[in-house]
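Notes follow the structure.
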Amino acid sequence: MQSVTAAACRAFKPRPLARAFTTRPVDGFVGAVGNTPLIRLNKLSEQTGCNIVAKSELQNPGGSVKDRAALGVVLDAEKRGLLKPGGTVVEGTAGNTGIGLAHVCRARGYRCVIFMPNTQSQEKIDLLRMLGAEVYPVPAVAYENPQNYNHQARDFAKALPNAIWTDQFDNTANADAHYRTTGPEIWAQTEGKVDAFICATGTGGTLAGTGRALKERSDGRTQVWLADPPGSVLYSYISSGGKLTERSGGSITEGIGQGRITNNLGTFVKEIDGALNIPDEKTIAMLYDLLDTEGLYLGASSALNVVAAFELAKKLGPGKTIATLLCDGAYRYQSRLFSKKWLQAKGLESSIPEHLKKYAVLD
């Protein structure tokens, strides 16, 4: 029986979408967002007897899954008459949403202003400025603090005419974008044979929107799990049946983890089937392993998602199809993730297998 399962897994191929890259032109940057490939992770699939597949969101035109949310909130504001030609788009973001918004604003003729914690990688800050965004790095303080970067973004937008604060954490147009695109794409690419979906969450939009779409299409058969980094409260919230704890500690990952239930996550949180807590040590080891075995050059949040999918596959057993997301590539974090000094400072160098340390080429 085991050999039959393994053979079936090897034969599995994610189904391409009707529109492939070579069929016809799309309408600018906006038309290129979404319809990303679904990649089977061969080594991990063979190890578990499952099909572990990952949506390659780094192949969006802006380089990350956040292109979907950025486009979704801007189109929603236009539709509701909140944003008119020549207007200003303001957001508080840890990076990728800002990059997506900067691209969308360039494409649609808006001014883009970004407030972000000053803990983010220099690569992200530099890219935002190269894309024409005004960037204000501010001290990283708790959401309850009036000086939190989200509140500063909100107040900045309020003081301007024809300006919107896109409010990515609590504006449910974020989750709706994934409900309309990411979830249906995964369903089509797996031909409806997806047993579970798992990913980490920051705003909650990707998990909530994708999860809701998959639950509806499967009549509840598809399980939806949350993956959580250290320093976030969501794993304990889900595992305890809804008790929020104080946030403590931190993670090497950027843009994921949360200290509260956002409006986006709140649209779906009661339907989440379970949660996994993923330590940084496993994330960094997977990041290097995926580069070595699959040729995938990924950011830490992507690696965390793959660890979670691997752990969930082992939990659910052979023959299952587990889907996750590759949020972005390593290009925006390489000065940290592949730096020997940084890895040593974080106490993570020993987590990388000896034969993979050759990839840590930066001093």
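Quantities reported herein were computed from a predicted structural model and do not represent experimental measurements. Only this structure's heavy atoms are used, side chains among them; waters, hydrogens and symmetry mates stay out.
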Q: Establish, yes or no, whether a centroid distance under 6.0 Å links the rings of F338 and Y333.
A: no
**Q.** Heavy-atom check, side chain of T36 versus side chain of T182, under 4.5 Å
**A.** no
Q) Is the Y297 to Y331 ring centre distance short of 6.0 Å? A) yes
**Q.** G250 versus P230, closest heavy-atom pair with distance
**A.** O-CB, 3.4 Å
Q: Consider only side-chain heavy atoms of I, L, V, M, F, W and Y, link residues closer than 4.5 Å, and tell whether L131 and I125 are in one cluster.
A: yes
Q: Report whether L356 and W342 are members of the same hydrophobic cluster (ILVMFWY, side-chain heavy atoms less than 4.5 Å apart, transitive linking).
A: yes
Q.
Return the CG to CG distance between L226 and D228, rounded to the nearest 0.5 Å.
A. 5.5 Å
Q: Flag the pair R68 and E185 as a salt bridge only when some basic side-chain nitrogen lies within less than 4.0 angstrom of an acidic carboxylate oxygen.
A: yes
Q) With sequence neighbours excluded, what pairs up with K314 under the side chain to side chain contact (heavy atoms under 4.5 Å, CB included) test? A) T48, F310, E311
Q | Check: Q59 and P37 side chains under 4.5 Å, non-hydrogen atoms | A | yes
**Q.** side-chain contact (heavy atoms from CB on, under 4.5 Å) between L44 and E294, intermediate numbers included
**A.** CA-CA 10 Å; L44 301 178; E294 301 282 357; 5.7 Å; no
(Q) Could you report the tightest heavy-atom contact between S236 and T245, atom names first, then the distance? (A) OG-OG1, 3.3 Å
Q. More than 12 non-hydrogen atoms from neighbouring residues, nucleotides or ligands closer than 6.0 Å to NZ on K315, yes or no?
A. no
Q) Does some side-chain heavy atom of L128 sit less than 4.5 Å from a side-chain heavy atom of M116? A) yes
Q | Least distance between heavy atoms, R217 atom then P184 atom | A | NH2-CG, 3.5 Å
Q. Given Q122 and S335, is the side-chain contact (heavy atoms from CB on, under 4.5 Å) satisfied, shown in steps?
A. CA-CA 9 Å; Q122 191 61 41; S335 65; 5.9 Å; no
Q | Cluster link I272 to L214, ILVMFWY, side chain under 4.5 Å | A | yes
Q) side-chain contact (heavy atoms from CB on, under 4.5 Å) between L326 and V306: does it pass, once the steps are laid out? A) CA-CA 8 Å; L326 306 180; V306 174; 3.7 Å; yes
Q) Hey, mind stepping through N96 and V65 against side-chain contact (heavy atoms from CB on, under 4.5 Å) and telling me if it holds? A) CA-CA 8 Å; N96 279 334; V65 65; over 6 Å; no
(Q) Under 4.0 Å between a side-chain nitrogen and a carboxylate oxygen: does that hold for R108 and E78? (A) yes
Q. Can you name the nearest heavy-atom pair linking L304 to A200, along with the distance?
A. CD2-CB, 3.8 Å
**Q.** Gap separating the OH atom of Y110 from the CD1 atom of I164, nearest 0.5 angstrom
**A.** 8.0 Å
Q. Taking atom NZ of K215 and atom OH of Y179, what is their separation to the nearest 0.5 Å?
A. 14.0 Å
Q. Any side-chain heavy atom of N171 within less than 4.5 Å of one from T203?
A. no
Q.
To the closest 0.5 Å, what do you measure between OG1 (T324) and CG (L41)?
A. 9.0 Å
Q.
Checking Y143 now: which residues fulfil ring-ring contact (aromatic ring centres under 6.0 Å, His included) with it, not counting sequence neighbours?
A. H151
(Q) Side chains of I39 and L296, heavy atoms from C-beta outward: is any pair under 4.5 Å? (A) yes
Q) Mind checking whether N305 and C327 have side chains closer than 4.5 Å, heavy atoms only? A) yes
Q.
What verdict does the side-chain hydrogen bond (donor to acceptor under 3.5 Å, both in side chains) test give for T172 and N263, after you've listed the backbone C-alpha separation in whole Å, the side-chain angles of each residue and the deciding distance to 0.1 Å?
A. CA-CA 7 Å; T172 57; N263 285 356; over 6 Å; no
Q) So do the side chains of Q258 and L265 get within less than 4.5 Å of each other, counting heavy atoms only? A) no
Q | Spacing of E134 atom CD and C112 atom SG [to the nearest 0.5 Å] | A | 8.5 Å
Q | From K193 atom NZ to N51 atom CG, the distance as rounded to the nearest 0.5 Å | A | 11.0 Å
Q) Salt bridge check: are R260 and D170 linked by an N-O gap of less than 4.0 Å? A) yes
Q: Identify whether I322 and V224 are in the same connected component of the hydrophobic contact network (ILVMFWY, side-chain heavy atoms under 4.5 Å).
A: no
Q. Closest heavy-atom contact between G62 and I99?
A. O-CG2, 3.9 Å
Q) Yes or no on side-chain hydrogen bond (donor to acceptor under 3.5 Å, both in side chains) for T166 and E91, after CA distance, side-chain angles and deciding distance? A) CA-CA 6 Å; T166 49; E91 182 55 280; 2.6 Å; yes
(Q) Looking at D176 and R180, is any side-chain nitrogen of the basic one under 4.0 Å from a carboxylate oxygen of the acidic one? (A) no
**Q.** Which atom of S251 lies closest to which atom of T253, heavy atoms considered
**A.** OG-OG1, 2.8 Å
Q: Evaluate the ring planes of F156 and Y136, with Trp represented by its six-membered ring, and classify them as parallel (under 30°), tilted (30 to 60°) or perpendicular (over 60°).
A: tilted
Q: Kindly indicate whether the side chain of S218, heavy atoms from C-beta on, has any atom under 4.5 Å from the side chain of V194.
A: no
(Q) Given E349, which partner from the list K357, K341, Q344 fulfils the side-chain hydrogen bond (donor to acceptor under 3.5 Å, both in side chains) test? (A) Q344
(Q) Taking Y359 as the starting point, is it possible to reach L348 by hopping between hydrophobic residues whose side chains are less than 4.5 Å apart? (A) yes
Q) Considering residues at least two apart in sequence or located in another chain, which fulfil the ring-ring contact (aromatic ring centres under 6.0 Å, His included) criterion with F29? A) H103
Q: Using atom types as modelled and distance alone, determine if a side-chain donor or acceptor of Q168 lies under 3.5 Å from a backbone N or O of G92.
A: yes
